[in-house]
Participant: 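Pasting a structure below so you can have a look.
All values derive from a computational prediction rather than experimental measurement.
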Amino acid sequence: GRVLPIDTTGIDFSMTALFTVIVVNQWMDTKEHKPAVIGGVVGVLCLLVLGADTFLLPALTITAIILLGVKKKCYIPSRAVPFVAFDGKREVPETVTYLGKVLPPAIMVILVIYCVKGINLFTGSHGIPELLSIAVVALLHIWKKNTLLSIAVGTILYMILVQVVF
């Protein structure tokens, strides 16, 4: 039996809320928003073209390729093989350092898209619980800058919306 008779439907939104908070933090911490925007556009396009079950890996790969292409001073061989074995005496190639800076925001946006890949804007709740809860998480985090509060309030709101309202 259950120890506490609580309906936990919607608790999985906490991961979406966590990824959203990370995206907001990364957005506020940098002036360079191009990687996050590219990740978002590529993620949505891959989701629409390839479908919810197969879009993630292509979206990540295409985003990395585009970000490498956008880089102004990119050494051609390091584009083909960005990761090499380092022995402590060699410097990390500029391209690997660049990817370390630009990929995290792009990946986090793609992960938020991955979390909402199953919503259907044309049937059921029309994605209102997910999109409203994501907006609340982002706005609350911008306002209060409190990760735990943002995730908890967004998750509780989502649980109420899916259990009671929709």
Side-chain angles (χ1 to χ4, degrees), residues 1-68 82-83 96 98-166:
R2 292 179 157 177
V3 176
L4 295 173
I6 298 173
D7 185 358
T8 59
T9 302
I11 194 82
D12 55 329
F13 181 81
S14 60
M15 288 307 298
T16 307
L18 173 64
F19 295 148
T20 301
V21 164
I22 293 171
V23 168
V24 169
N25 280 337
Q26 290 173 335
W27 189 273
M28 293 188 317
D29 289 346
T30 184
K31 293 179 181 177
E32 180 60 45
H33 302 302
K34 193 183 309 179
V37 172
I38 290 171
V41 170
V42 170
V44 169
L45 289 175
C46 285
L47 176 61
L48 294 173
V49 172
L50 302 173
D53 294 333
T54 58
F55 89 97
L56 186 59
L57 188 57
L60 293 170
T61 304
I62 293 167
T63 298
I65 291 168
I66 290 172
L67 289 172
L68 281 172
F83 299 101
V96 175
Y98 170 75
L99 286 174
K101 291 178 184 173
V102 298
L103 276 180
I107 289 170
M108 294 315 300
V109 171
I110 291 171
L111 287 174
V112 171
I113 294 167
Y114 179 79
C115 288
V116 296
K117 69 179 181 168
I119 66 172
N120 188 332
L121 300 176
F122 305 108
T123 61
S125 64
H126 305 286
I128 293 170
E130 293 86 353
L131 299 176
L132 181 61
S133 298
I134 287 172
V136 166
V137 168
L139 293 172
L140 184 59
H141 195 64
I142 290 167
W143 178 40
K144 289 292 187 180
K145 294 176 181 55
N146 184 316
T147 301
L148 185 59
L149 178 67
S150 303
I151 293 170
V153 169
T155 302
I156 292 168
L157 172 63
Y158 180 75
M159 291 174 72
I160 291 169
L161 289 174
V162 297
Q163 290 179 25
V164 179
V165 178
F166 294 97

Participant: Any heavy-atom pair between the side chains of I128 and L161 that's under 4.5 Å?
Facilitator: no
Participant: Could you check whether any side-chain heavy atom of V137 comes within less than 4.5 Å of a side-chain heavy atom of V153, counting everything from C-beta outward?
Facilitator: no
Participant: Quick one, L121 and L131 - any side-chain contact, counting heavy atoms below 4.5 Å?
Facilitator: yes
Participant: Strictly distance-based, threshold 3.5 Å: is any side-chain N or O of Q163 a donor or acceptor partner for the main-chain N or O of G10?
Facilitator: no
Participant: Just how far is it from atom CG of L148 to atom CG of L18, taken to the nearest 0.5 Å?
Facilitator: 11.0 Å
Participant: I need the full list of side chain to side chain donor-acceptor pair (under 3.5 Å) pairs touching residues 123-133, with sequence neighbours left out, sorted by first then second residue.
Facilitator: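 Pairs touching residues 123-133 that pass the test: N120-T123, E130-Y158.
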Participant: Is H33 close to W27 at the side-chain level, that is, under 4.5 Å between some pair of heavy atoms?
Facilitator: yes
Participant: More than 12 heavy atoms of other residues, nucleotides or ligands under 6.0 Å from NZ of K145: yes or no?
Facilitator: yes
Participant: Is there a side-chain contact between M28 and N25 in this structure, where contact means two heavy atoms from C-beta onward sitting under 4.5 Å apart?
Facilitator: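 Sidechains of N25 and M28: in contact.
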Participant: Do you know which two heavy atoms are closest between V23 and V109, and how far apart they sit?
Facilitator: CG2-N, 3.7 Å
Participant: On a heavy-atom basis, which atom in N146 and which in L149 lie closest, and how many Å separate them?
Facilitator: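 That would be OD1-N, 2.9 Å.
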Participant: For T9 and M159, which heavy atoms make the closest approach, and how far apart are they?
Facilitator: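 Here T9 and M159 meet closest at O-CG, 3.5 Å.
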Participant: Compare every heavy atom of V162 with every heavy atom of P129, then report the nearest pair and how far apart it is.
Facilitator: CB-CG1, 4.0 Å
Participant: Please say whether more than 12 non-hydrogen atoms of neighbouring residues, nucleotides or ligands are located less than 6.0 Å from NZ in K117.
Facilitator: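 Counting neighbours around NZ of K117, more than 12 heavy atoms of other residues, nucleotides or ligands fall under 6.0 Å, so yes.
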Participant: Output the distance between atom CD1 (I151) and atom CG (L140), rounded to the nearest 0.5 Å.
Facilitator: 10.5 Å
Participant: Which heavy atom of H141 sits nearest to which heavy atom of V24, and what is that distance?
Facilitator: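 For H141 versus V24, the nearest heavy atoms are CD2-CG1, 3.7 Å.
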Participant: Just list the side-chain donor-acceptor pairs under 3.5 Å for residues 39-68, sequence neighbours left out, or say none.
Facilitator:
from	atom 1	to	atom 2	distance (Å)
T54	OG1	L50	O	2.9
T61	OG1	L57	O	2.9
T63	OG1	A59	O	2.7

